Amino acid sequence: MTQNSARLEKINTHFFAAYSEKISRRQAQGHDVIRLDMGSPDMPPSPQILNHFGNRITQPDVYGYQSHRGIETLRQAWAAMYARVFDVQLNPNHEVLPLLGSKEGIFHLMQALIDPGDIVLVPDPGYPTYARGALFAGGEPISMPLLAEHDYLPRFDNILADQARRAKVMWLNYPNNPTASVATLPFFAEAVAFCRAYDILLCHDAAYTQVTFDHYQAPSVLQVPGAKAVAVEFNSLSKSHNMAGMRVGACVGSPAVLDRLHKLKSNIDSSHFLPIMETAAFALTADQSWIDQRNEIYRQRRDIVSNTLVSLGIHHVRPKSSLYIWSTVPDGWTSTEFADSLLENANISVT
């Protein structure tokens, strides 16, 4: 039987793929498992978004192939959202590339840019796809520790000069998965300056910028003057608009980088289903007030979990954004032991 490629041997099955099988076995045994693990929205998009999609899929002329750059109205909608939310101006023809979800673009960008031996700077802890994409391309992921004493922000002065000179890409992600920490514009300005000094592409994963609480507004790295020269930002409707299963994302910023990603993607996928793109454009430009209502539900859930942790004496920082709470575990446990015990004894799944 044909063996795995050397590239495939470098990466493991994604954590959630294996963990979901474990949960499924428990559910098959009759247990009602409370899912607090993966950041997957459990509420639908707004009724107006659902109605728009339902109307479009009944049309007979929407089932053909589409442009790899997506329809113009979708690119314009992403640009309009960036102008409205971040006061960032994007050229929809050159600075916006629709994706089949941001995860796809994150992984494929590494295949477009990284050669064997290239260094990719990744946050630790962090979303696994940053490192997995680099490994699959033959690159060398180098961890940037996210520590509590630094508010879970990497310290650029701790990156070795030799590693910085060899690095091609740096990944950042704020609001952060999994620590729920947030970044300021001065921090992003420091990141842009560091990447400019070492000729590193700065990739920012901004998936949670519209899942915020207590009047907090998350910034975009592209708000930093001159950021487009060294940075791209990944965004997604999975978390912001409860459209995770529709796989709608975008990479925005440096036109040169987007052209490379487009060149690769045009050889891999065949773009989106037209009604999904049309519905995504509608979702980005229609009444957004329902997002505040949705975020209020998340805030209430956050407070339930946070207050419970406080009552148990488990330390954490109450998050301003994202779908996560990053906490310590009780004394005497490893995080894996604690998570396994919660699943086996209380039917609660955490990561």
Side-chain angles (χ1 to χ4, degrees), residues 41 43-57 59 61-106 204-212 217-223 227-228 231-255 257-259 261-262 265-266 269-295:
M43 293 178 284
S46 70
Q48 61 182 351
I49 294 174
L50 295 177
N51 289 336
H52 188 280
F53 183 61
N55 291 333
R56 291 304 296 147
I57 62 174
Q59 304 305 308
D61 60 345
V62 298
Y63 285 84
Y65 289 122
Q66 302 298 318
S67 166
H68 287 92
R69 289 193 181 274
I71 58 175
E72 184 176 8
T73 52
L74 178 56
R75 298 194 305 272
Q76 291 173 340
W78 277 111
M81 185 276 281
Y82 263 80
R84 182 182 72 249
V85 176
F86 304 116
D87 196 25
V88 168
Q89 304 304 311
L90 295 172
N91 183 322
N93 294 320
H94 303 289
E95 297 177 332
V96 178
L97 180 65
L99 303 171
L100 302 175
S102 57
K103 180 179 181 180
E104 169 262 310
I106 289 167
H204 180 232
D205 181 0
Y208 300 93
T209 47
Q210 293 190 68
V211 183
T212 58
Q217 291 186 319
S220 162
V221 72
L222 297 182
Q223 290 175 264
K228 288 181 189 177
V232 293
E233 187 161 83
F234 288 82
N235 217 309
S236 167
L237 299 191
S238 294
K239 310 305 192 294
S240 66
H241 289 72
N242 293 3
M243 295 169 64
M246 297 182 83
R247 311 309 305 136
V248 178
C251 185
V252 302
S254 169
V257 175
L258 267 56
D259 284 345
L261 181 54
H262 170 260
K265 280 174 56 59
S266 67
D269 66 64
S270 297
S271 190
H272 286 86
F273 181 34
L274 179 58
I276 288 181
M277 287 194 284
E278 293 173 330
T279 302
F282 176 82
L284 284 162
T285 54
D287 179 19
Q288 305 291 302
S289 62
W290 73 277
I291 294 178
D292 292 334
Q293 299 165 10
R294 188 275 318 276
N295 286 349

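Everything quoted here is computed from the prediction, not taken from an experiment. In this chain, numbering begins with 1 at the start of the sequence shown.
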[X] versus [Y], closest heavy-atom pair with distance:
X      : Y      : answer
Gln89  : Ala83  : NE2-CB, 4.0 Å
Gly105 : Leu261 : O-CD1, 4.2 Å
Thr285 : Ala77  : CG2-CB, 3.8 Å
Ser270 : His68  : CA-NE2, 3.9 Å
Ile106 : Phe234 : N-CE2, 3.6 Å
Glu233 : Ser220 : OE1-OG, 2.7 Å

With sequence neighbours left out, write down each residue that passes salt bridge (charged side-chain N to carboxylate O under 4.0 Å, His left out) with [X], or none if nothing qualifies.
X      : result
Glu95  : Lys228
Arg294 : none
Arg56  : Glu278

Ignoring hydrogens and angles, tell me if any N or O in the side chain of [X] forms a donor-acceptor pair with the backbone of [Y] under 3.5 Å.
X      : Y      : answer
Asn242 : Pro44  : yes
Glu104 : Leu100 : yes
Gln288 : Ala283 : yes

Could you give the distance from CG (Asn93) to CZ (Arg69), rounded to the nearest 0.5 Å?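 It is 9.0 Å, given to the nearest 0.5 Å.
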
Contact check, side chains of [X] and [Y], non-hydrogen atoms, under 4.5 Å:
X      : Y      : value
Lys265 : Leu99  : yes
Arg247 : Ser238 : yes
Leu74  : Leu284 : yes
His241 : Pro45  : no
Ser271 : Met277 : yes
Val232 : Leu258 : yes
Phe86  : Leu222 : no

His272: partners by ring pair (Phe, Tyr, Trp, His ring centres under 6.0 Å), with sequence neighbours left out: none

If the condition is ring pair (Phe, Tyr, Trp, His ring centres under 6.0 Å), which residues does Tyr63 pass it with, not counting sequence neighbours? Phe273

Non-neighbouring partners of [X] that pass side-chain hydrogen bond (donor to acceptor under 3.5 Å, both in side chains), sequence neighbours left out:
X      : result
Gln59  : none
Gln66  : none
Thr209 : none
Tyr208 : Tyr324

Restricting to pairs with a member in residues 44-55, which pass side-chain hydrogen bond (donor to acceptor under 3.5 Å, both in side chains), not counting sequence neighbours?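 Checked against side-chain hydrogen bond (donor to acceptor under 3.5 Å, both in side chains) - neighbours excluded - the pairs reaching residues 44-55 are His52-Thr279.
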
Would Thr212 and Asn295 count as a side-chain contact (heavy atoms from CB on, under 4.5 Å) if you check the C-alpha gap in whole Å, the side-chain angles of each, and the deciding distance to 0.1 Å? CA-CA 7 Å; Thr212 58; Asn295 286 349; 4.2 Å; yes

Does a sphere of radius 6.0 Å around CG in Asp292 hold more than 12 heavy atoms from other residues, nucleotides or ligands, not counting ones at 6.0 Å or beyond?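 Above 12, so yes.
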
Check the pair Leu237, Trp78 against side-chain contact (heavy atoms from CB on, under 4.5 Å), reporting the backbone distance first and the verdict last. CA-CA 10 Å; Leu237 299 191; Trp78 277 111; 3.7 Å; yes

With Met81, the side chain to side chain contact (heavy atoms under 4.5 Å, CB included) member among Leu90, Asn235, Val252: Asn235

Hey, could you give me each pair passing salt bridge (charged side-chain N to carboxylate O under 4.0 Å, His left out) that has a residue in residues 74-86? Not counting sequence neighbours. none

